[in-house]
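Step one of this worksheet: look at the structure below.
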Amino acid sequence: MHVNQWLEAIPPLLVYLLVAGAVGIESLGIPIPGEIVLISAALLAAEHTIPVSPVWIAVSASAAAIIGDSIGFVIGRKWGEPLFEWLGRKFPSHFGPAHVAYAEKIFSRWGVLAVFFGRFIALLRIFAGPLSGALGMPYPRFLAANAAGGICWATGLTVAIYYLGEVADKWFSRFSWIALVVAVVFGLGVGLVIRRRTNKAAQAHHAGTTEASRR
């Protein structure tokens with residue numbers, strides 16, 4: 001079966017639900033690639049193979065980000081430090097002591113700005129809800145920053161990828177799947193670079209804190 005025929009069999013509602021599910025679960029604090037799912041859906045909309053609307057993709061991702069972060073906030077407020085200890089055992093590459101300490105420093109210093117801009121950074125995105133709740137940030141302030149960040153992130157990313165996909169589709173009209181693969185790989189590459197730099201910053205902060213405590 002041709003790729004386009006396979007894509008045509010996907011119900012649009014399923015695409016919206018997959019986007020909402022992936023973004024919502026990631027926003028809860030569970031490290032899954034919600035951003036990659038959103039990028040893939042926006043590219044699928046640009047393909048025009050199935051009637052997927054970029055508007056509804058952005059709406060689905062925005063709503064899921066706001067709701068997921070809010071649930072994560074409540075979970076963090078209720079369980080706090082024990083939650084991060086449990087997550088550190090389950091997901092040490094994301095919630096290790098260095099990552100938690102680094103994220104806590106950023107959120108303690110920048111407050112709602114960290115919530116807003118953290119939506120655009122993979123490591124901070126999974127911390128936003130639970131850590132804000134654990135640090136006792138007032139929920140109205142968190143909700144305002146969370147909603148603004150979620151809408152800007154979801155809408156901006158959807159629009160950018162959608163129009164880039166349309167441009168790529170004109171160049172790869174007969175082999176449009178190539179553009180899809182290239183764009184997804186590029187998105188993964190950028191995400192990995194940002195994650196590595198953030199991990200290095202977290203490790204450096206942890207090493208500095210450990211050295212200071214020894215003194």
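All heavy atoms count here, side chains included; hydrogens, waters and symmetry mates do not.
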Heavy-atom pair of closest approach, residues Val115 and Ser132: CG2-OG, 3.5 Å
Side chains of Val59 and Ser62: does their closest heavy-atom pair fall under 4.5 Å? no
Listed partners of Phe117 passing ring-ring contact (aromatic ring centres under 6.0 Å, His included), at least two apart: none
Do Tyr16 and Ser53 make a side-chain contact, defined as non-hydrogen atoms from C-beta onward lying under 4.5 Å apart? yes
Separation between CG of Leu44 and CG of Leu18, rounded to the nearest 0.5 Å: 10.5 Å
With sequence neighbours left out, what residues match Arg119 under side-chain hydrogen bond (donor to acceptor under 3.5 Å, both in side chains)? Ser27, Asp69
What are the two closest non-hydrogen atoms of Pro54 and Thr158, and how far apart are they? O-CG2, 3.4 Å
Test of understanding: with side chain to side chain contact (heavy atoms under 4.5 Å, CB included), list the residues that count as partners of Ile67, not counting sequence neighbours. Ile71
Could you grab the distance from atom CG of Leu113 to atom CD1 of Ile106, nearest 0.5 Å is fine? 12.0 Å
Suppose the criterion is salt bridge (Lys or Arg N to Asp or Glu O under 4.0 Å): which pairs have a residue in residues 57-67, not counting sequence neighbours? none
Distance-minimising heavy-atom pair for Ala41 and Val19: CB-CG2, 3.4 Å
Would you check, one step at a time, whether the test side-chain contact (heavy atoms from CB on, under 4.5 Å) holds for Leu157 with Leu38? CA-CA 8 Å; Leu157 188 59; Leu38 176 57; 3.7 Å; yes
Got a sec, which residues hit side-chain hydrogen bond (donor to acceptor under 3.5 Å, both in side chains) with Ser60, two or more places apart in sequence or on another chain? none
Backbone N/O of Leu131 and side chain of Arg77: donor-acceptor pair under 3.5 Å: no
CG/Leu43 to CD1/Ile57 distance, rounded to the nearest 0.5 angstrom? 9.0 Å
Who are the side chain to side chain contact (heavy atoms under 4.5 Å, CB included) partners of Ala134, not counting sequence neighbours? Phe84
Specify the closest pair of heavy atoms between Val23 and Ala61, including all atoms of both residues, with the distance to one decimal. CG1-O, 3.6 Å
Min side-chain heavy-atom separation Val37-Glu26 under 4.5 Å: no
Could you name each residue pair satisfying salt bridge (Lys or Arg N to Asp or Glu O under 4.0 Å) that touches residues 138-159, not counting sequence neighbours? none
By side chain to side chain contact (heavy atoms under 4.5 Å, CB included), which residues pair with Val74, not counting sequence neighbours? none
List in chain and number order the residues that pass side-chain hydrogen bond (donor to acceptor under 3.5 Å, both in side chains) with Ser70, two or more places apart in sequence or in another chain; answer none if no residue qualifies. Tyr139
State which residue, out of Phe107, Phe127, Phe142, fulfils the ring-ring contact (aromatic ring centres under 6.0 Å, His included) condition with Phe73. Phe142
For Leu13, which fellow cluster members are found when Ile, Leu, Val, Met, Phe, Trp and Tyr are connected by side-chain heavy-atom distances below 4.5 angstrom, either directly or through intermediates? Leu17
I'd like a table of donor-acceptor pairs (distance under 3.5 Å, sequence neighbours excluded) in which one partner is a side-chain atom from residues 143-154, with atom names and distances.
unit_1: Asn146; atom_1: ND2; unit_2: Ile66; atom_2: O; d: 3.2
unit_1: Trp153; atom_1: NE1; unit_2: Glu35; atom_2: OE2; d: 3.2

